[in-house]
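Because the structure is a prediction, the values reported are computed rather than measured. Proteins come first, then strands; the chains are lettered A, B, ... in the order of their sequence lines, and each starts at number 1. Hydrogens, waters and symmetry mates play no part in the numbers below; they use all other heavy atoms, side chains included.
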Amino acid sequence: MKIATWNVNSLKVRLPHLEAWLARVSPDVVCLQETKCEDAKFPGAEIEAMGYRWVHNGQKTYNGVAILAKPECGNVGRGIPEFADEQSRVIAGDVGDTRIVCVYVPNGQSVGSDKYEYKLRWLEALRGWLAAELAAHPKLAVLGDFNIAPEARDVHDPLAWEGQVLVSDAERAALKRLIDLGFADAFRLFEQPEKSFTWWDYRMNAFKRKMGLRIDHVLLSDALAKGCTACAVDVEPRKLERPSDHAPVTCDLTP
DNA sequence: ATGGTTGTCCTACAA
């Protein structure tokens, strides 16, 4: 089974890129972030025409997350239980015997801002919920835009970024606490090229200059990590005209 | 140098 995550930064704008990518890669499950549309405006017919079922936690203008899957996606949940959040950032569902959680972690804006504090509170709530999910679902995968680069090697210029949002100690500690529940960062199970990133700012020709961060992740429970045979960033869609600022990450699991 | 680009939606705001 091939699972994937992609922050598309507007599903309406990126639908042609998504369709081309689905046709080329044929993942079984895709988690999308920043769909930026209400449920009523989700392009369901187009997705179904590509052979995918879908579930969506939509929102106008901002956020919005979806799971596309070839099989039926059951036991669907939206948001973090017992965490009141007006922003649509989480959707979860069962695909076969695997529990899929799609997350769009708050960006945090800048260290010390209200949005930063919200990000840290949000991550703590996510951790509490995932502890319970992990106990209930041994085969658990959490995929999405975490808006955190875990280590220096995940940052094009660690010195320039030191202490900034997306790389600050508190954010990294929060991500580590999450992973320490019993997950593996699937990307780091394998040898990877240097300067592997998943997001490049639209400004300053950052992509061409390889000025990126690795902030999109696939976290696998131990039971899934044992059967993980590959994980990679697919930079091809980032090279197209009018791209998302994020590239998809794919992950292969044995059945 | 606090720059620059994109998406949503109309004027800023978020990223």
May I ask you to evaluate whether [X] reaches the phosphate of [N], defined as a side-chain N or O under 4.0 Å from OP1 or OP2?
X         : N       : answer
Lys115(A) : dA14(B) : yes
Arg203(A) : dA15(B) : no
Thr61(A)  : dA14(B) : no

Sidechain N-carboxylate O distance under 4.0 Å for Glu48(A), Arg53(A) | no
Would you mind classifying the nucleic acid contact of Arg89(A) as base, sugar-phosphate or nothing, using non-hydrogen atoms under 4.0 angstrom?
-> sugar-phosphate
Hey, does Phe207(A) reach any base, or is it just sugar-phosphate, or nothing, if we go heavy atoms under 4.0 Å?
->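 Answer is nothing: Phe207(A) stays at 4.0 Å or more from every strand.
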For Leu178(A) and Phe146(A), what are the C-alpha separation, side-chain angles and deciding distance, and is it a side chain to side chain contact (heavy atoms under 4.5 Å, CB included)?
-> CA-CA 11 Å; Leu178(A) 204 67; Phe146(A) 285 75; 3.9 Å; yes
Taking the same atom, P, in dA1(B) and in dA12(B), what whole-Å distance lies between them?
-> 28 Å
Distance between the C1' atoms of dT6(B) and dC10(B), in whole angstroms?
-> 16 Å
Do the side chain of Tyr52(A) and the main chain of Gly44(A) share a donor and acceptor less than 3.5 angstrom apart?
->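 Answer holds: no.
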Among dA15(B), dG4(B), dA14(B), the nucleotide that comes nearest once only the side chain of Met204(A) is considered =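 Looking only at side-chain atoms, Met204(A) lies closest to dG4(B).
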Closest-nucleotide ordering on DNA chain B, the 5'-leading residue of Glu34(A) and Arg242(A) =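 The residue mapped nearer the 5' terminus is Arg242(A).
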Mind running ring-ring contact (aromatic ring centres under 6.0 Å, His included) on Trp54(A) and Phe42(A) for me, showing each step along the way?
-> CA-CA 10 Å; Trp54(A) 55 275; Phe42(A) 189 88; 4.3 Å; yes
